[in-house]
Amino acid sequence: MLKYHKETQKNFSVRIVRWYRLNSRNLPWRENNDPYRVWLSEVMLQQTRVEQGLPYFQKFVKKFETIFKLASAQEDVVLRLWQGLGYYSRARNLHRCSKIIATELNGEFPASAKALQRLPGIGEYTAAAIASISFGEKVAVVDGNVFRVLSRYFGIEVPINSSEGKKVFSTLAQQQLNESPDPKLPPGEYNQGIMELGALVCTPRSPRCADCPVSAGCFAYNKNLIEDLPVKLAKAGKRERYLYYLMPIQGKSVWMKKRSQSDIWKGLYDFPCIESDSELKAAALKQKCKSMAGHGEVALLGSVTHLLTHQKLFIACLTMTGVNEVSLKKNFEGKWYTQKEVVRLPKPKVIDDLLKIYFKKISQGK
DNA sequence: AAGCCGGGGAG
DNA sequence: CTCCCAGGCTT
């Protein structure tokens, strides 16, 4: 660990809170400290930018005014509202969590980080966020912003995605709260302040050090190491998958199935799929489709490359009319859904895009 | 401890 | 193109 100046360290937390009070964005979940809204926003913002999550937050609080309304909703309805936000296990865990709180806890959130963390979808970060913001508990959050700000300010080279890094940075974050010169420093404002600073000023690239309230004491700023911190271990490469979707059509209905295995998009709906580790030739693919779903008319609807964090998906989608339902049912799960029903189903972004292409096509009379 | 899970915006 | 975002769960 690199050395830093202790006199500048001492006022870090106080400067952060002072800056936060003058520069915080006006965000809907900051209107009050209601744990339901704080929880909802924190789960939505896991690995997600504020701008991306914001419209979803508005939709959710409007549709589910209380945790009881969320708890009594169907999972498909929750997933459909979450559609497009990604990491769908968050939505499934959010729903599970709401049921526990509504039915077992009389609708009241546990008031400590330790108790909160026992709930599904609430890990160390989210537990600390809710406990500090809604209940004033003196517990520090450690998210991507905190890693970056602390790494730069204190000049710490330990990789932020290593086990040691997690320990080092959470200890350091908690120290700022415990050893603050202001014993009444509001933990929620300190936590939101350091994250807000990371989001608005101490950004991953081209940070706005001229606007930073703690630049004078910042190790990286003073040593001109801003671009070198934080340190991060290299990640594994992406797996490549070739997904060949067969979209069976019957009148105004489309055959879809729910993804239930522990794979991408669990809980969402897509079409029968033939997967391969390598590219399939058009002729071979067509042959395969016909053998699995009957000898109907096959046509290419579209093909796209879809990037996920860990996977690169090469996707092609074939429409098929005149399918043999017996053959289809033997090879694939699922059932027929009318166009109206299809719109209501929660679907991955790519599937939603493909359906839009198809529906547009048929509305123009092919 | 390492791998897995989405989608989008910035540079 | 790469990186990363108010992380958590599974193996």
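Keep in mind the model is a prediction, meaning the values are calculated, not measured. Residue numbering restarts at 1 for every chain, and letters A, B, ... go by the order of the sequence lines.
For the side-chain hydrogen bond (donor to acceptor under 3.5 Å, both in side chains) test with Y20(A), the passing option among Q192(A), E196(A), E189(A) is Q192(A); the others fail. Between D76(A) and the options K258(A), K347(A), R92(A), a salt bridge (Lys or Arg N to Asp or Glu O under 4.0 Å) holds for only K258(A).
Partners of Q117(A) according to the side-chain hydrogen bond (donor to acceptor under 3.5 Å, both in side chains) rule, which considers only residues two or more places apart in sequence or in another chain, do not exist here. Under the rule for a side-chain hydrogen bond (donor to acceptor under 3.5 Å, both in side chains), the partners of D270(A) that lie at least two apart in sequence or sit in another chain are Y245(A), K257(A), R259(A). Shown here are the side-chain hydrogen bond (donor to acceptor under 3.5 Å, both in side chains) partners of N145(A), two or more places apart in sequence or in another chain: D143(A), R148(A).
With C1' as the reference atom, dG6(B) and dC5(C) are 12 Å apart, rounded to whole Å. Spacing of C1' atoms, dC5(B) relative to dC4(C), comes out at 15 Å, to the nearest Å. The gap from the P atom of dG11(B) to that of dA6(C) amounts to 14 Å, rounded to the nearest Å.
Take the nearest nucleotide of DNA chain B for V350(A) and for S163(A): the residue whose nucleotide is more 5' is S163(A). Across the interface with DNA chain B, nearest-nucleotide mapping of K266(A) and S162(A) shows S162(A) to be the residue nearer the 5′ end.
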Annotated protein contacts, base or backbone, on nucleotides 4-11 of chain C with a non-hydrogen cut-off under 4.0 Å, one of B, S, - each: BBBBSS--
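For the ring-ring contact (aromatic ring centres under 6.0 Å, His included) condition, the pairs that include at least one residue of residues 160-211 of chain A, sequence neighbours left out, are F147(A)-F169(A).
Distance alone, capped at 3.5 Å, places no donor-acceptor pair between the W39(A) side chain and the F109(A) backbone.
A donor-acceptor pair shorter than 3.5 Å can be found between the side chains of E325(A) and W336(A).
Here K166(A) lies out of heavy-atom contact (under 4.0 Å) with every strand.
Note that the first and last nucleotides of DNA chain B, 5' to 3', having any atom under 4.0 angstrom from a heavy atom of chain A are dA1(B) to dA10(B).
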